[in-house]
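What follows is a single structure, written as C-alpha cells, with notes after it.
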Amino acid sequence: MSGSDKSMKALREVWRRAENSLCADCGKPDPDWASSTLGVFICLSCSGIHRNIPSISKVKSLKMDHWDDAQVQFLAKHGNAVTKAIYEAHIPIYYYQPTYNDCQVLREQWIRAKYERKEFTELGKQLPYTDGVKEGILWKRGRDSGQFQPRKFLLSEREGCLKYFTKQDAKEPKINVKIDVINATFQPEKIGNPNGLQITYLKDNKTRNIFVYHKSGKEVVDWFNAIRSVQFHYLKVAFPIASDNEIKSRLTRNFLKEGFMEKTGPKQREAFKKRWFTLDHRRLMYFKDPLDAFAKGEVFVGSRENGYSVQKGLPSGTQGNFSWPYGITIVTPDREYLFTCETEADQLDWITAFTSVINQDMTPQEYAIEAYFKFKS
C-alpha cells in the first residue's frame with residue numbers, strides 16, 4: 001500500500017468516528033469538509049464561512065483534496081469532540097446555537113464567535129450581550145412610510161424592558177416593552193436584508209411587529225443574544241424553581257410556519273382574500289402584507305382535547321369564491337376557519353404545522369389567552 005493510500009485509509013477512519021458524523025458548527029449530517037488548522041469536520045455551507053477567515057481556518061474537501069500525513073494526524077488528534085471542548089467550553093445557556101436550518105448571519109457569527117473571537121474559551125468572559133444593558137442604533141422600518149431609519153434602542157435587564165427612541169436626544173421612548181412579551185427572529189428574506197431581525201411583542205394582547213437591521217452582522221446577532229440574556233435572567237427571577245433548560249425553552253423562538261393563504265370571513269360566503277399568515281405557536285396571525293406592523297386578525301389554535309382540529313379540504317357547499325384549490329379547515333369550539341393554499345405542498349406543510357400545535361397540551365397561560373380570544377369575539 002502506497003503512502004497516499006495509507007493516508008486516505010487513516011483519513012476515512014477518523015472521518016467515520018461517531019463524533020465526526022455531524023457538522024461541528026451546524027449539526028448537519030455527513031460533513032464532507034474539514035479544517036486542517038482547527039481539526040473539525042464541517043459541511044459545505046459552513047466550509048464557505050471558514051474560507052472567509054483564512055487566518056484562522058484552512059478548509060479542504062475530504063473527498064476531492066489531497067491530505068498529507070501530518071494533516072491526517074492533526075485531524076485524528078483533534079476531531080469535533082476535542083475541538084468543541086476547547087472552543088465551546090463556556091457557552092452561556094441563553095446563547096443561540098444555530099443549526100443548518102438557520103440563516104447565514106446567525107451561522108457566520110456563531111463560527112466567528114467560536115474560532116475568531118474565542119468568546120467561549122474562558123469562564124466569565126465579558127461579552128457584548130452579557131452586561132444586562134445594551135444601547136445602540138438599529139435601522140427600523142417605519143410603520144407607515146416603509147422606509148428604514150436609524151433609531152436608538154435601549155435594552156435593560158434592571159428595568160426588564162426594551163425601548164426605542166425616534167430621536168437620539170429624546171428623553172421619552174416611543175415604546176417601552178416588557179421583556180417577557182418580546183420575541184425576536186431573523187427574517188432576512190422577508191425584510192430584504194441579510195441582517196434583518198423581526199421583533200414582535202404583545203400590546204393589549206395583540207401582536208405588534210418591528211422590523212430592524214444593522215449593517216454589521218456581529219452587532220445584530222449581539223442584539224439578538226442580548227435580548228435572550230435579559231429574558232433568561234428575568235425568567236430566572238420570575239420562576240425560581242424552573243431549571244435552566246426549562247427557561248431556555250421559553251426564550252426567543254422561530255415561527256412554526258409563514259406564507260400566503262387565502263381566507264374567507266365568518267359567514268363563509270365572502271370571497272376568499274389573499275393574506276400573509278404567521279403561525280407563532282398557538283397564535284395564527286394574518287396580515288395584508290408580510291411587513292405590516294399589526295395583524296388584521298388572529299386565530300387561537302388550541303389543543304385536540306379542547307375541541308380543536310385541522311382537516312384537509314373545505315366543507316361541502318362552501319360558497320365563497322377562491323382561486324387556490326387546496327383547502328384547509330381549522331375547527332374550533334366556536335366556529336370553523338377556512339383557508340386555501342396555492343399548492344398541495346403548502347397545504348400539507350400547513351396541516352403538519354397545525355397538527356403539531358393541536359397535539360400539544362395547553363398550559364395554564366394558554367388557557368388564559370384562549371379565554372381572551374373568546375371574550376373579544
Applying the ring-ring contact (aromatic ring centres under 6.0 Å, His included) criterion to Phe120, which one of Tyr95, Tyr87, Tyr115 satisfies it? Tyr95
Which of parallel (below 30°), tilted (30 to 60°) and perpendicular (above 60°) describes Phe339 and Phe354? parallel
Parallel, tilted or perpendicular: rings of Phe272 and Phe322 (30°, 60°): perpendicular
Hydrophobic cluster identity match, Ile351 and Val301, side-chain contacts under 4.5 Å: yes
Is there a path of hydrophobic side-chain contacts, each under 4.5 Å between heavy atoms, that joins Tyr234 and Leu251? yes
Does a salt bridge link Lys84 with Glu19, judged by any charged N lying under 4.0 Å from a carboxylate O? no
Group every Ile, Leu, Val, Met, Phe, Trp and Tyr by side-chain heavy-atom contacts under 4.5 Å, then state whether Ile49 and Trp33 land in the same group. yes
Under the 6.0 Å and 45° cation-pi test, does Arg282 pair with Phe373? no
Hydrophobic cluster of Leu348, others only, ordered by chain and residue number, side-chain cut-off 4.5 Å: none
Is the number of heavy atoms from other residues, nucleotides or ligands under 6.0 Å of Lys236 NZ greater than 12? yes
I'd like to check Glu258 versus Met285 (side-chain heavy atoms, cut-off strictly below 4.5 Å). Are they in contact? no
Please report the closest heavy-atom contact between Cys23 and Ile42, naming both atoms and the distance. SG-CA, 3.7 Å
May I ask you to decide if the ring planes of Trp350 and Phe277 are parallel, tilted or perpendicular, using 30° and 60° as cut-offs? perpendicular
Residue that, paired with Lys114, satisfies side chain to side chain donor-acceptor pair (under 3.5 Å) out of Gln109, Glu88, Gln97: Glu88
Consider side-chain contact (heavy atoms from CB on, under 4.5 Å). Of Val299, Thr264, Thr329, Val310, which one does Tyr337 pass it with? Val299
Aromatic rings Trp276 and Phe260: how do their planes relate, parallel, tilted or perpendicular, breaks at 30° and 60°? perpendicular
Assess whether atom NZ of Lys218 is packed by more than 12 heavy atoms of other residues, nucleotides or ligands within 6.0 Å. yes
Would Arg208 pass as a cation-pi partner of Phe294, given that its NZ or CZ must be under 6.0 Å from the six-membered ring centre and within 45 degrees of the axis? yes
Measure across Tyr100 and Arg107 and return the closest heavy-atom pair with its distance rounded to 0.1 Å. CA-CD, 4.3 Å
Flag yes if Ile227 and Val230 sit in one hydrophobic cluster, no otherwise; membership is Ile, Leu, Val, Met, Phe, Trp, Tyr, and two members link when side-chain heavy atoms are under 4.5 Å apart. yes
Please work out whether the ring planes of Tyr308 and Phe300 are parallel, tilted or perpendicular, with thresholds of 30° and 60°. perpendicular
Hphob cluster co-occupancy, Tyr94 + Leu155, side-chain heavy atoms under 4.5 angstrom: yes
How are the rings of Phe186 and Phe224 set to each other: parallel, tilted or perpendicular (split at 30° and 60°)? perpendicular
Can you give me the closest heavy-atom contact between Cys43 and Pro31, atom names plus distance? N-CB, 3.9 Å
SB check Lys134 Glu219 (cutoff 4.0 Å): yes
Salt bridge Lys125-Glu119, side-chain N to carboxylate O under 4.0 Å: no
Could you pull out the closest heavy-atom pair between Ala184 and Thr252, with the gap in Å? O-CB, 3.4 Å
